[in-house]
Amino acid sequence: MSNLIQLQPHDEHNRELEANVHPTTWTNPTSSDPYHLVVIGAGTAGLVAAAGAAGLGARVALIERELMGGDCLNVGCVPSKGVISSARVAGAIKNASDFSIHVSDGVEVDFAGVMSRIRRLRAKISRNDAAKRFRELGVDVYFGQASFVDSEAIDVAGSKLKFKRAVIATGARASAPPIDGLDDVKYLTNESLFSLTELPKRLGIIGAGPIGCEMAQSFAQLGSEVFLVESEHGILTKEDRSAAEIVQNAMERAGVKLLCCGRNLQIKNDGGIRLTVDSHGKAYDESVDQLLVAVGRAPNVENLNLEGVGVDYDKKGVKVNDHLQTTNPKIYAAGDICSQYQFTHVADFMARIVIQNALYAVGPFGKKKMSDLVIPWATYTTPEIAHVGMYAKDANDAGIEIETYVQPFDEVDRAILEGQDEGFVKVHTKKGTDTIVGATIVAENAGDMISEMTVAITHGLGLSKIGSAIHPYPTQAEAMRKLGDQFNRTRLTPLSRKMLAGLQRFNVGG
């Protein structure tokens with residue numbers, strides 16, 4: 001297993017990771033009895049489905065061909081946020097003079113130490129996803145390639161596992177789009193990026209989506225000269241444009257060179273990696289030490305024999321209905337293999353739906369639906385962008401009339417004091433009501449703050465309810481309470497306005 005790029009360098013931390021999530025001495029169990037549930041893939045969706053079903057008393061088998069923990073633990077959320085945390089410290093030191101803190105010697109980044117820290121923390125977190133832990137939870141853990149034999153059995157490493165229900169949770173992988181010359185060079189994806197031990201002096205990144213933006217800003221803060229290439233205008237093109245522009249300005253201040261509206265992109269092997277691209281009428285020809293391709297994903301459907309059991313799929317993944325059932329009624333799917341929302345927290349809740357629907361003919365609350373989920377997401381740049389629900393365009397396309405409320409952080413005391421006053425909270429409500437249909441936050445900790453809006457939408461709490469809840473002062477979350485105040489002021493009648501004005505005069509004269 002140590003030949004996997006995710007386990008390079010094979011130091012003490014990666015050896016600990018390997019011992020947890022794919023032990024070299026592991027022996028697959030043997031069982032002739034049918035399982036209530038067989039789960040293929042031990043990423044987030046698979047782990048949650050397996051642990052949850054076993055906790056309910058089901059006989060469960062979990063199959064993984066590589067590393068338990070999936071993308072999130074090994075090459076996604078965990079290592080990327082480790083890089084971001086170190087980069088933010090470096091960025092804070094560089095900007096310390098803004099707070100009248102003068103660091104005479106500047107910033108010296110020990111990149112090898114940064115990456116070693118990430119590997120150490122990843123190994124620590126991997127205990128939660130360890131094969132031994134899941135065995136102790138009552139799950140039979142198998143390592144090897146899974147392949148459906150028929151609608152009642154799966155082969156893994158020569159063992160035939162019988163099942164009543166199965167879950168495909170094999171996820172997706174990086175898959176580079178066709179780019180002229182890309183195959184002639186050795187490039188990075190998220191699956192190899194975190195094995196670097198030397199900081200690239202010049203780093204090229206293709207794709208200004210979440211991964212591209214997070215890593216572009218982070219590597220710039222750590223000292224790389226970064227060239228970020230994007231075919232469309234700006235960055236994070238699916239996000240609220242005013243929100244994305246704030247992040248773009250912050251990235252450019254950190255030193256990222258954005259080459260957007262990129263045309264005629266070519267990669268050349270010229271004794272090293274060169275990228276040429278036209279951006280806004282100017283031709284660029286840049287040599288880079290490393291090239292990260294941060295666009296393109298492909299579902300892991302190979303070698304599963306899905307055709308043999310009547311499970312439909314396409315280039316986007318396995319096809320499921322709203323109950324996460326595939327075209328074979330005994331087989332379900334969850335996570336990146338079948339979701340347009342490729343986030344760890346979504347995979348988690350999809351797995352919960354599968355447990356309910358696969359194990360119970362009719363659950364206590366009926367069949368669970370994917371469409372009932374209220375899904376937030378965040379991009380962990382500095383500042384972060386977080387969103388839940390509809391954008392204004394979504395509401396317009398759906399024929400929903402909305403009213404929009406915006407609270408800038410330059411009017412929020414804590415944000416001003418923290419030097420983080422460039423962002424805002426924006427909320428869309430159904431016209432004439434306080435019903436929240438969508439929200440976007442741009443702030444240092446927007447990913448944490450969006451949860452308040454997610455709870456509100458999930459449980460039907462209107463904007464006026466948020467305004468009536470006391471928020472501690474001074475906090476940046478107070479911005480959401482201020483939005484509630486904005487809404488409530490729009491509902492003042494002429495009489496109440498007159499009474500309020502009188503009360504204010506009384507207080508001033510008191």
Verdict with reasoning, Lys393 to Asp397, per salt bridge (charged side-chain N to carboxylate O under 4.0 Å, His left out): CA-CA 6 Å; Lys393 182 181 183 302; Asp397 291 345; 2.8 Å; yes
Stepwise side-chain contact (heavy atoms from CB on, under 4.5 Å) check, Tyr473 with Glu478: CA-CA 7 Å; Tyr473 174 89; Glu478 191 185 16; 3.4 Å; yes
Would a 4.5 Å heavy-atom cut-off, applied to side chains only, mark [X] and [Y] as touching?
X: His36; Y: Val60; value: no
X: Val167; Y: Ile40; value: no
X: Lys164; Y: Leu37; value: no
X: Pro376; Y: Met453; value: no
X: Ile246; Y: Phe424; value: yes
X: Ile375; Y: Met370; value: yes

Taking atom [atom1] of [X] and atom [atom2] of [Y], what is their separation to the nearest 0.5 Å?
X: Thr170; Y: Asn303; atom1: OG1; atom2: CG; answer: 11.0 Å
X: Leu67; Y: Asn74; atom1: CG; atom2: CG; answer: 4.5 Å
X: Lys162; Y: Arg59; atom1: NZ; atom2: CZ; answer: 11.5 Å
X: Leu304; Y: Asp155; atom1: CG; atom2: CG; answer: 12.0 Å
X: Ile84; Y: Gln217; atom1: CD1; atom2: CD; answer: 8.5 Å
X: Glu230; Y: Leu228; atom1: CD; atom2: CG; answer: 7.5 Å

Any donor-acceptor N/O pair, [X] side chain to [Y] backbone, under 3.5 Å:
X: Ser218; Y: Val83; value: no
X: Glu214; Y: Tyr380; value: yes
X: Asn190; Y: Leu193; value: no
X: Glu64; Y: Met68; value: no
X: Thr326; Y: Ile331; value: yes
X: Lys367; Y: Asn357; value: yes
X: Tyr332; Y: His323; value: no
X: Thr327; Y: Asp312; value: yes
X: Ser126; Y: Asn20; value: no
X: Thr379; Y: Thr381; value: no

Working for side-chain contact (heavy atoms from CB on, under 4.5 Å), residues Lys482 and His471: CA-CA 10 Å; Lys482 288 176 176 284; His471 290 61; over 6 Å; no
Salt-bridge criterion met for [X] and [Y] (N-O under 4.0 Å):
X: Glu245; Y: Arg241; answer: no
X: Arg120; Y: Glu16; answer: no
X: Asp348; Y: Arg352; answer: yes
X: Glu384; Y: Arg88; answer: yes
X: Asp336; Y: Arg297; answer: yes

Sub-6.0 Å ring centroid separation between His345 and Phe349: no
Looking only at the side chains, is there a donor atom on one of [X] and [Y] sitting less than 3.5 Å from an acceptor on the other?
X: Ser31; Y: Asp140; answer: no
X: Tyr313; Y: Glu307; answer: yes
X: Ser242; Y: Asp240; answer: yes
X: Arg122; Y: Asn14; answer: yes
X: Arg414; Y: Gln476; answer: no
X: Glu239; Y: Trp377; answer: yes
X: Ser464; Y: Asn488; answer: no
X: His13; Y: Glu18; answer: no

Ile168 and Leu306: CA distance, side-chain angles, deciding distance, side-chain contact (heavy atoms from CB on, under 4.5 Å) verdict: CA-CA 10 Å; Ile168 304 168; Leu306 299 182; 3.7 Å; yes
Taking all non-hydrogen atoms of both residues, which atom of [X] and which atom of [Y] are closest, and how far apart?
X: Ile400; Y: Met390; result: CD1-CE, 3.6 Å
X: Val437; Y: Ile457; result: C-CD1, 4.3 Å
X: Gln221; Y: Ala254; result: CG-CB, 4.3 Å
X: Ala176; Y: Val293; result: CB-CG1, 3.9 Å
X: Ala243; Y: Thr440; result: CB-CG2, 4.1 Å
X: Cys77; Y: Thr344; result: SG-OG1, 3.2 Å

Residue pair Leu17, Leu7: steps toward the side-chain contact (heavy atoms from CB on, under 4.5 Å) verdict: CA-CA 8 Å; Leu17 175 72; Leu7 294 174; 3.6 Å; yes
Aromatic plane relationship, Phe163 with Phe148 - under 30° parallel, 30 to 60° tilted, over 60° perpendicular: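 The rings of Phe148 and Phe163 stand perpendicular, inter-plane angle above 60°.
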Phe487 and Tyr405 aromatic ring geometry - parallel, tilted or perpendicular at 30°/60° bounds: perpendicular
Salt bridge (charged side-chain N to carboxylate O under 4.0 Å, His left out) assessment of Arg173 paired with Glu302: CA-CA 12 Å; Arg173 65 186 183 277; Glu302 296 80 10; 3.0 Å; yes
Test salt bridge (charged side-chain N to carboxylate O under 4.0 Å, His left out) applied to Arg481 and Asp485, step by step: CA-CA 6 Å; Arg481 194 269 300 161; Asp485 289 347; 2.4 Å; yes
